[in-house]
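Numbers here simply count residues along the sequence, with the first being 1.
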Amino acid sequence: QVQLVESGGGLVQPGGSLRLSCAASGNIFRFTTGAWYRQAPGNQRELVATIVSDGSTNYADSVKGRFTISRDNAKRTLYLQMNSLKPEDTAVYYCNGRTLFQAYWGQGTQVTVSS
(Lines give C-alpha, C1' and ligand atoms only; values in the text may rest on other atoms or scores of the structure.)
Protein backbone atom coordinates (compact mmCIF):
# COMPACT_ATOMS: atom_id res chain seq x y z
CA GLN A 1 0.00 0.00 0.00
CA VAL A 2 1.11 3.53 -0.77
CA GLN A 3 0.65 6.54 1.48
CA LEU A 4 1.50 10.18 0.90
CA VAL A 5 2.01 12.14 4.12
CA GLU A 6 2.15 15.93 3.96
CA SER A 7 3.77 18.35 6.37
CA GLY A 8 4.97 21.94 6.54
CA GLY A 9 1.78 23.96 6.43
CA GLY A 10 0.94 26.72 8.87
CA LEU A 11 0.25 30.40 9.38
CA VAL A 12 2.61 32.97 7.86
CA GLN A 13 2.56 36.69 7.20
CA PRO A 14 2.37 38.08 3.67
CA GLY A 15 5.80 37.96 2.09
CA GLY A 16 6.83 34.98 4.16
CA SER A 17 7.85 31.50 3.10
CA LEU A 18 6.85 27.91 3.72
CA ARG A 19 8.18 24.61 2.51
CA LEU A 20 5.71 21.78 2.09
CA SER A 21 6.82 18.16 2.06
CA CYS A 22 5.06 15.05 0.81
CA ALA A 23 6.68 11.78 1.80
CA ALA A 24 5.74 8.50 0.14
CA SER A 25 5.70 5.17 1.90
CA GLY A 26 5.09 1.69 0.56
CA ASN A 27 6.57 -0.28 -2.28
CA ILE A 28 6.57 2.05 -5.24
CA PHE A 29 9.56 2.83 -7.38
CA ARG A 30 8.72 6.17 -8.89
CA PHE A 31 5.72 8.24 -9.84
CA THR A 32 5.51 9.31 -13.45
CA THR A 33 4.38 12.74 -12.28
CA GLY A 34 4.23 14.64 -9.03
CA ALA A 35 2.01 17.61 -8.41
CA TRP A 36 0.66 20.06 -5.88
CA TYR A 37 -2.94 21.20 -5.88
CA ARG A 38 -4.76 23.65 -3.66
CA GLN A 39 -8.33 24.33 -2.74
CA ALA A 40 -9.74 27.38 -0.99
CA PRO A 41 -13.20 27.32 0.62
CA GLY A 42 -15.90 27.58 -2.01
CA ASN A 43 -13.43 27.16 -4.86
CA GLN A 44 -12.55 24.28 -7.13
CA ARG A 45 -9.33 22.43 -6.61
CA GLU A 46 -6.66 23.96 -8.82
CA LEU A 47 -3.37 22.65 -10.09
CA VAL A 48 -0.45 24.64 -8.71
CA ALA A 49 2.66 22.87 -9.99
CA THR A 50 3.80 19.66 -11.65
CA ILE A 51 7.06 17.81 -12.09
CA VAL A 52 7.54 14.93 -14.53
CA SER A 53 10.07 12.13 -14.82
CA ASP A 54 12.63 14.13 -16.76
CA GLY A 55 12.54 16.83 -14.08
CA SER A 56 10.71 19.43 -16.10
CA THR A 57 8.23 21.58 -14.21
CA ASN A 58 5.13 23.63 -14.87
CA TYR A 59 3.39 26.22 -12.73
CA ALA A 60 0.10 28.00 -12.57
CA ASP A 61 0.44 31.61 -13.67
CA SER A 62 -0.55 32.80 -10.21
CA VAL A 63 2.53 31.23 -8.58
CA LYS A 64 5.21 31.52 -11.27
CA GLY A 65 8.37 33.06 -9.92
CA ARG A 66 7.33 32.45 -6.31
CA PHE A 67 6.87 28.67 -5.93
CA THR A 68 9.27 25.87 -6.77
CA ILE A 69 8.36 22.20 -7.02
CA SER A 70 11.12 19.65 -6.54
CA ARG A 71 11.67 16.06 -5.53
CA ASP A 72 14.22 13.90 -3.81
CA ASN A 73 13.89 10.43 -5.26
CA ALA A 74 16.21 8.87 -2.69
CA LYS A 75 13.97 10.17 0.11
CA ARG A 76 10.83 9.52 -1.92
CA THR A 77 9.68 13.03 -1.10
CA LEU A 78 8.05 15.81 -3.07
CA TYR A 79 8.50 19.44 -2.03
CA LEU A 80 6.88 22.77 -2.67
CA GLN A 81 8.92 25.82 -1.72
CA MET A 82 6.59 28.78 -1.37
CA ASN A 83 8.10 32.27 -1.26
CA SER A 84 6.64 35.77 -1.29
CA LEU A 85 3.37 34.38 -0.03
CA LYS A 86 0.18 36.34 -0.56
CA PRO A 87 -3.21 36.13 1.18
CA GLU A 88 -4.57 34.72 -2.08
CA ASP A 89 -2.37 31.66 -1.54
CA THR A 90 -4.43 30.65 1.48
CA ALA A 91 -5.81 27.17 0.85
CA VAL A 92 -5.51 23.52 1.70
CA TYR A 93 -2.62 22.11 -0.30
CA TYR A 94 -2.63 18.53 -1.55
CA CYS A 95 0.20 16.56 -3.05
CA ASN A 96 -0.49 14.08 -5.81
CA GLY A 97 1.61 11.32 -7.27
CA ARG A 98 0.61 9.40 -10.36
CA THR A 99 1.79 6.09 -11.75
CA LEU A 100 0.75 4.52 -15.02
CA PHE A 101 -2.24 3.00 -13.27
CA GLN A 102 -3.32 5.09 -10.30
CA ALA A 103 -3.13 8.47 -8.64
CA TYR A 104 -2.39 8.91 -4.93
CA TRP A 105 -3.31 11.89 -2.78
CA GLY A 106 -1.92 13.35 0.39
CA GLN A 107 -4.22 14.21 3.28
CA GLY A 108 -3.92 17.95 2.75
CA THR A 109 -2.16 20.63 4.78
CA GLN A 110 -3.53 24.08 5.59
CA VAL A 111 -1.59 27.14 4.46
CA THR A 112 -2.85 30.46 5.80
CA VAL A 113 -1.29 33.76 4.77
CA SER A 114 -2.52 36.62 6.91
CA SER A 115 -1.27 39.65 8.79
Side-chain angles (χ1 to χ4, degrees):
Q1 57 184 16
V2 175
Q3 273 191 323
L4 302 182
V5 180
E6 299 182 35
S7 62
L11 173 64
V12 296
Q13 294 183 339
S17 297
L18 285 173
R19 188 192 190 208
L20 306 183
S21 298
C22 175
S25 63
N27 287 335
I28 187 167
F29 179 69
R30 184 176 294 172
F31 293 113
T32 58
T33 63
W36 289 93
Y37 292 76
R38 67 186 181 187
Q39 187 167 20
N43 291 351
Q44 292 184 304
R45 186 172 298 185
E46 65 174 333
L47 179 62
V48 175
T50 60
I51 185 166
V52 297
S53 296
D54 66 358
S56 62
T57 58
N58 286 283
Y59 299 92
D61 288 341
S62 59
V63 307
K64 284 181 180 177
R66 300 188 298 118
F67 291 10
T68 303
I69 187 172
S70 62
R71 67 187 177 211
D72 186 330
N73 289 329
K75 296 181 178 179
R76 303 178 68 185
T77 301
L78 183 71
Y79 302 98
L80 185 68
Q81 179 66 46
M82 309 165 66
N83 298 326
S84 302
L85 283 161
K86 305 174 181 180
E88 307 93 270
D89 297 317
T90 296
V92 178
Y93 284 70
Y94 299 89
C95 62
N96 175 271
R98 181 174 293 277
T99 69
L100 289 173
F101 307 105
Q102 189 171 343
Y104 301 88
W105 290 93
Q107 82 280 7
T109 185
Q110 177 71 48
V111 172
T112 302
V113 185
S114 177
S115 59

* Side-chain heavy atoms under 4.5 angstrom apart, residues restricted to Ile, Leu, Val, Met, Phe, Trp, Tyr: same cluster for Y59 and Y93? -> yes
* How long is the gap from CG on L78 to CD on E6, to the nearest 0.5 Å? -> 9.0 Å
* Asked: Between T90 and E88, does any side-chain donor sit less than 3.5 Å from a side-chain acceptor?
  -> no
* Single-linkage hydrophobic cluster, 4.5 Å side-chain cutoff, W36 and V111 together -> yes
* To do: Taking S21 for its side chain and S7 for its backbone only, find out whether a donor-acceptor pair lies under 3.5 Å.
  => no
* With distance as the sole test, does R45 use its side chain to make a donor-acceptor pair with the main-chain N or O of Y94 at under 3.5 Å? -> no
* Structure fact -> When rounded to the nearest 0.5 Å, the distance separating CZ of R66 from NZ of K64 is 12.5 Å
* Going from CG on L11 to OG on S115, what distance comes out if it is rounded to the nearest 0.5 angstrom? -> 10.0 Å
* Asked: Of all residues at least two apart in sequence or in a different chain, which pass the ring-ring contact (aromatic ring centres under 6.0 Å, His included) check with F67?
  -> none
* **Shortest non-hydrogen contact from S56 toward V52** => OG-CG2, 2.8 Å
* Asked: According to a 4.5 Å side-chain heavy-atom criterion applied to Ile, Leu, Val, Met, Phe, Trp and Tyr, with indirect links allowed, do F31 and V5 form part of one hydrophobic cluster?
  -> no
* **Test log, rule salt bridge (charged side-chain N to carboxylate O under 4.0 Å, His left out), inputs D89 and K86** => CA-CA 5 Å; D89 297 317; K86 305 174 181 180; over 6 Å; no
* Asked: Just by distance, with hydrogens left out, do D72 and T77 show a side-chain donor and acceptor under 3.5 Å apart?
  -> no
* Taking a hydrophobic cluster as the set of Ile, Leu, Val, Met, Phe, Trp and Tyr residues connected by side-chain heavy atoms closer than 4.5 Å, whether directly or through intermediates, do M82 and V63 fall within one such cluster? -> yes
